[in-house]
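Here is the structure we will look at, set down as structure tokens.
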Amino acid sequence: KISLKVGWRHALLEKEIRQYSTPDASRGDILEKCISVGKTCTDWTIPYKMLSRLRLENAPEDYSTSWQCPISDESASDLEEIKKQIQMNLKEHGIIFQKIQQQYLLQLLMANLVEELKGESLKVKEKENVSNNLTIPEIMATLTELVLTDRDSDRLIKIKDILLDWGNGR
């Protein structure tokens, strides 16, 4: 069983996981998914950078400071392996110099899952057909969603370049 004291970042990440995944998932389900996705992650600087972009004002106002859930022996073993990989990866990049605490490990795992879920969400949206007759509000809503969910996307960079070219051509 995992039992941790957590803060607003955990609450915000849990809220985002529920937004992009199953809203009624248990914390045990969330942890299992975090571990499953974490086993395939090769660059832990991405979730690390995502954590630095989180803002307190976006956190839920009322959240539990205790995070508890059951964990299987196999998942606990996988979690230890992931922890070693994270420590090695972040040490290589000069980000950490000592062991990772459990609370921070959970934040990194949750941030990694959020990034994965956002990526899956964008892939689904890319497959949807978009009408050639978009209204200005629809364009703005789509652009805003893209900025909020994937600010490093190639599409957003292309849009920025188009806007810069247009602005310079005035």
Side-chain angles (χ1 to χ4, degrees), residues 1-128 141 144-153 156:
K1 181 176 181 177
I2 297 239
S3 181
L4 301 169
K5 291 284 184 191
V6 295
W8 64 268
R9 282 186 178 88
H10 295 92
L12 180 56
L13 290 165
E14 185 175 349
K15 177 182 154 190
E16 288 190 21
I17 289 168
R18 291 180 189 284
Q19 175 185 339
Y20 288 103
S21 185
T22 311
D24 58 349
S26 70
R27 286 185 168 170
D29 293 339
I30 290 172
L31 181 62
E32 291 292 330
K33 184 75 172 168
C34 285
I35 291 170
S36 173
V37 171
K39 288 193 289 190
T40 62
C41 183
T42 57
D43 184 4
W44 286 95
T45 61
I46 295 169
Y48 167 80
K49 290 174 185 172
M50 184 219 184
L51 288 176
S52 67
R53 293 191 305 260
L54 296 179
R55 297 289 170 246
L56 176 60
E57 58 268 11
N58 297 333
E61 290 183 22
D62 187 29
Y63 60 89
S64 172
T65 58
S66 176
W67 210 86
Q68 299 177 351
C69 69
I71 183 170
S72 69
D73 290 340
E74 181 182 340
S75 292
S77 175
D78 289 342
L79 186 59
E80 282 304 312
E81 287 301 313
I82 293 169
K83 184 177 180 179
K84 290 175 188 174
Q85 290 173 352
I86 293 172
Q87 287 179 167
M88 196 169 56
N89 187 249
L90 295 181
K91 280 181 183 178
E92 287 173 2
H93 288 90
I95 294 171
I96 63 165
F97 301 102
Q98 49 191 328
K99 289 185 177 183
I100 294 179
Q101 293 182 351
Q102 287 293 100
Q103 290 90 343
Y104 191 60
L105 173 64
L106 182 59
Q107 283 181 13
L108 286 168
L109 287 168
M110 292 173 86
N112 185 54
L113 179 57
V114 168
E115 289 293 318
E116 178 77 15
L117 293 172
K118 282 182 180 179
E120 288 174 7
S121 174
L122 287 174
K123 286 178 188 171
V124 168
K125 288 180 183 174
E126 286 176 4
K127 291 180 182 177
E128 294 175 358
T144 301
E145 183 178 359
L146 183 58
V147 168
L148 292 175
T149 58
D150 191 17
R151 63 177 56 142
D152 298 325
S153 77
L156 195 55

Distance, nearest 0.5 Å, that separates NE2 of His10 from NZ of Lys5: 12.5 Å
Determine all donor-acceptor pairs shorter than 3.5 Å in which one atom belongs to a side chain in residues 99-112; sequence neighbours excluded.
from   : atom 1 : to    : atom 2 : distance (Å)
Gln102 : OE1    : Lys83 : NZ     : 3.4

Stepwise side-chain contact (heavy atoms from CB on, under 4.5 Å) test for Glu16 and Lys118: CA-CA 9 Å; Glu16 288 190 21; Lys118 282 182 180 179; 3.8 Å; yes
Please tabulate, for the side chains in residues 54-69, all donor-acceptor contacts under 3.5 angstrom to protein atoms that are two or more places apart in sequence or on a different chain.
from  : atom 1 : to    : atom 2 : distance (Å)
Arg55 : NH1    : Ser52 : O      : 3.2
Tyr63 : OH     : Trp8  : N      : 3.3
Ser64 : OG     : Ser66 : N      : 3.2
Ser64 : OG     : Ser66 : O      : 3.0
Trp67 : NE1    : Glu14 : OE1    : 3.2
Gln68 : NE2    : Ser3  : OG     : 3.4

Residues which pass side chain to side chain contact (heavy atoms under 4.5 Å, CB included) with Ile46, listed by chain and number, not counting sequence neighbours: Asp43, Glu115
Student check: side-chain heavy atoms of Val37 and Lys33 closer than 4.5 Å: yes
Side-chain donor-acceptor contact under 3.5 Å, Asp78 with Ser75: no
Contacts of type salt bridge (charged side-chain N to carboxylate O under 4.0 Å, His left out), residue Lys49, not counting sequence neighbours: none
Steps toward side-chain contact (heavy atoms from CB on, under 4.5 Å) verdict (Leu13, Leu113): CA-CA 9 Å; Leu13 290 165; Leu113 179 57; over 6 Å; no
Atom pair OH/NZ of Tyr20 and Lys15 - distance to nearest 0.5 Å: 11.0 Å
OH-CD1 distance between Tyr48 and Ile96, expressed to the nearest 0.5 angstrom: 10.0 Å
Pairing residues for Glu92 by the salt bridge (charged side-chain N to carboxylate O under 4.0 Å, His left out) criterion, not counting sequence neighbours: none
Ser72 vs Glu32 side-chain heavy atoms within contact, under 4.5 Å: yes
Donor-acceptor under 3.5 Å (Ser26 side chain, Asp29 main chain): yes
Test salt bridge (charged side-chain N to carboxylate O under 4.0 Å, His left out) applied to Lys91 - qualifying residues, sequence neighbours left out: none
Exam field: side chain His93 to backbone Leu90, donor-acceptor pair closer than 3.5 Å: no
Approximate separation, where rounding is to 0.5 Å, of Glu116 CD and Ser36 OG: 9.0 Å
Nearest heavy-atom neighbours spanning Ile17 and Val114: CG1-CG2, 3.5 Å
Separation of Arg27 CZ from Leu31 CG (nearest 0.5 Å): 11.0 Å
Distance (rounded to the nearest 0.5 Å) between Leu79 CG and Ile2 CD1: 5.5 Å
